[in-house]
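Report on one structure; see the data block that follows.
By convention in this document, chain letters (A, B, ...) are assigned in the order of the sequence lines, proteins followed by strands, and residues within each chain are numbered from 1.
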Number of protein chains: 2
Amino acid sequence: MACHPLQSRARGDAVRARIEDVAAAAGVSMKTVSRVFNREPNVREETRLRVEEAARQLKYRPNTSARSLAGRRSYLVSLLYDNPSPSYIMEVIEGVLTACEQSHYGLTLRPVDFGQRGHVESVETLVAQYRPDGLILTPPLSDDAALVKRLRELNVRYATISAKRDNGGIGTILDERAAAADMMAHVIALGHRRIGHITGHRSHGGRAWRLAGYLDGLRQAGIEPDPDLVVEGEFSFESGIAGARQLLDMDDPPTAIFAANDDTACGVLYEAAARGLAVPAQLSVFGFDDTPISRQVWPSLTTVRQPSREMGRIAAQQLITAIDGHGPAHMVRVPYQLQLRHSTGPAPAR
Amino acid sequence: MACHPLQSRARGDAVRARIEDVAAAAGVSMKTVSRVFNREPNVREETRLRVEEAARQLKYRPNTSARSLAGRRSYLVSLLYDNPSPSYIMEVIEGVLTACEQSHYGLTLRPVDFGQRGHVESVETLVAQYRPDGLILTPPLSDDAALVKRLRELNVRYATISAKRDNGGIGTILDERAAAADMMAHVIALGHRRIGHITGHRSHGGRAWRLAGYLDGLRQAGIEPDPDLVVEGEFSFESGIAGARQLLDMDDPPTAIFAANDDTACGVLYEAAARGLAVPAQLSVFGFDDTPISRQVWPSLTTVRQPSREMGRIAAQQLITAIDGHGPAHMVRVPYQLQLRHSTGPAPAR
DNA sequence: CTGTTAGCGCCTTCAA
DNA sequence: TTGAAGGCGCTAACAG
């Protein structure tokens, strides 16, 4: 019995159907409609269909605020990031949004200044204000010990993307070490023996795995690693330029450079071009991540493809599964792929 | 009269104060607390202070869902985009977030498939579900007539970023035509006379202004535009390659190419490199937008800087001003800037 | 399998 | 300038 005739709620814009209206149209109670929409058990198939049809007719959309208030949960997931690269984050966002929409969850974004002093507190503020039902951490936040510790204390659920190790948490992870080693094997097969590496930032979990994979690759080929060929970087274009300078200025420079990510690799390409070094004829370069830029430079970049969108989608999915209690959630391992493009080639004759 | 003692709501984590608790602590009614928090008039200064003190003591944070439900507003702003470029969107997002946080508004994202059939309906769903108090449209959505028409009908407030024309709406806009003309003047001053243009996508408002600026630049220098020098593009890397091929294959190829955005310009650089054409010695290239990629290619790209972050911030600010009714909101014109880098140089001797 | 009842925490209306 | 009552649209807990 709608005690508030629809007309009274119209305000020039289209009238909004409520759960009550759907219930009336389908000849069931509000609760049954609620069950259908929340995929709860204990609804006869026939009833479900009737409700769904009525909802469609009335263009019913559950009101998020009311749901949150009554259900004591926000139906909100927060993505925390510290901008490693905008295109990476945008890809992750797309994946997360896909999962969120399927499960009728909303997404909020939270840029976090990892380096900054009050960064954990800023997350606490977010939690206090929006009460997200869960958080998704992207690198380097996935390995932020202080943050994770506090989230545990606050009893806030979270999923991680590309955390350093599979801590029994939930989210997605990729075997970066094996990927880097595979890529090394490929380049070594092209005849390269002196291969330089520009590392990632120290605070970033990826750094260690990529470096380890670099060393694995060399050792597996029986090549003794030369510490001089490993230079510090920080996942940035600028550090790629600096690293390339350092490596190329050596008396016995490498014939190939493994940059810890694509931005860094672009810096290497830049420096090579500035020196008139032909890539890949005189120098091979390869990166990691397969961000769009790797296809938009010349020569296009050989790199490791991470399925970032998929990783975002799966991480969100696992998180929501955990929140809703629909079965157990896991740390899902996703596959990588070598993208062989034009920046790598046979080692130059000596 | 808390009929539900605080303890019963605790669930391992900190207890949450309600407006009722604050009212009791301050010795006033709920409504008075509400007035203080919403900055409504009719509260004595002394009372306000008492309430604020009580709120601080109890660490009171208004419950967003309850506010939204009762107040029929969501304190939410939605950003609609169709991914022209991830880095562009991320910059806009950062600006929007800044403004939102200042005004205690939340942000939701909505990727929209502009080309797709049901795209307007997908926005309606968003509106029905989350009831955002306002929308922010980025290009090419800012010029989506069907969408804008529907929003008007639904009486949904929105701000536009870089709309084709200043329709008396609110948001931010930049004089792309003048910017393009200025850039042309710069290149013409370098001695170029035959300058090609690869346009943007037809559905995108920026296309027309940039093309107009290109023609303005030529005419102001007394150069008769050659229609063959204008080729169709679509703001993508691939269309830059295709456009460059078309232009460079001409009998009398241009000595400079104006690409309608940076991605397109990268395609031109790619094609030039593939042909062994030296940039800028043999060919000058320039783009538009100043996305990060323009600094990460070699040679770095001469382009027009749009203050995307600022545009996001201001658009959100204007929108929120309109929502809250705190004074009039406007269409704010922001300045552009020429970024002269290494992809442009003197015209080659004939 | 389905329905009823009683709020979730806040704002709106109207009275004081 | 302040307060009391009622309801926003939905779900939880319990009953059938």
- Please work out which of the three classes, parallel, tilted or perpendicular, describes the rings of F37(A) and Y60(A), given edges at 30° and 60°. perpendicular
- Residue-level proximity of residues 29-39 of chain A to DNA chain D when a heavy atom falls under 4.0 Å: M30(A), K31(A), S34(A), N38(A)
- Message: Checking side-chain polar atoms at under 3.5 Å, does R67(A) have a donor or acceptor matched by the opposite partner on N38(A)?
- Response: yes
- Message: From CG of L69(B) over to C1' of dG7(C), roughly how many Å is that when rounded to an integer?
- Response: 12 Å
- Item | For the student: nearest non-hydrogen atoms of D144(A) and H119(A), plus distance | OD2-NE2, 2.6 Å
- Message: When you measure from the side-chain N and O atoms of R18(A) to the phosphate of dC10(D), is any distance below 4.0 Å, counting only OP1 and OP2?
- Response: no
- Query: So, is Y75(B) near the phosphate of dC11(C), with a side-chain N or O under 4.0 Å from OP1 or OP2?
  - Reply: no
- Below 4.0 angstrom from OP1 or OP2 of dT11(D), is there any side-chain N or O of R67(A)? yes
- Message: Heavy atoms from C-beta onward define the side chain here; which of dG3(D), dC1(C), dC10(C) lies closest to that of I19(B)?
- Response: dC10(C)
- Across all chains, not counting sequence neighbours, the salt bridge (Lys or Arg N to Asp or Glu O under 4.0 Å) partners of D324(B) are R73(B)
- Message: dG9(C), OP1 or OP2 - any side-chain N/O from N63(B) closer than 4.0 Å?
- Response: no
- Do we see a donor-acceptor contact under 3.5 Å between the side chains of S68(A) and S74(A)? no
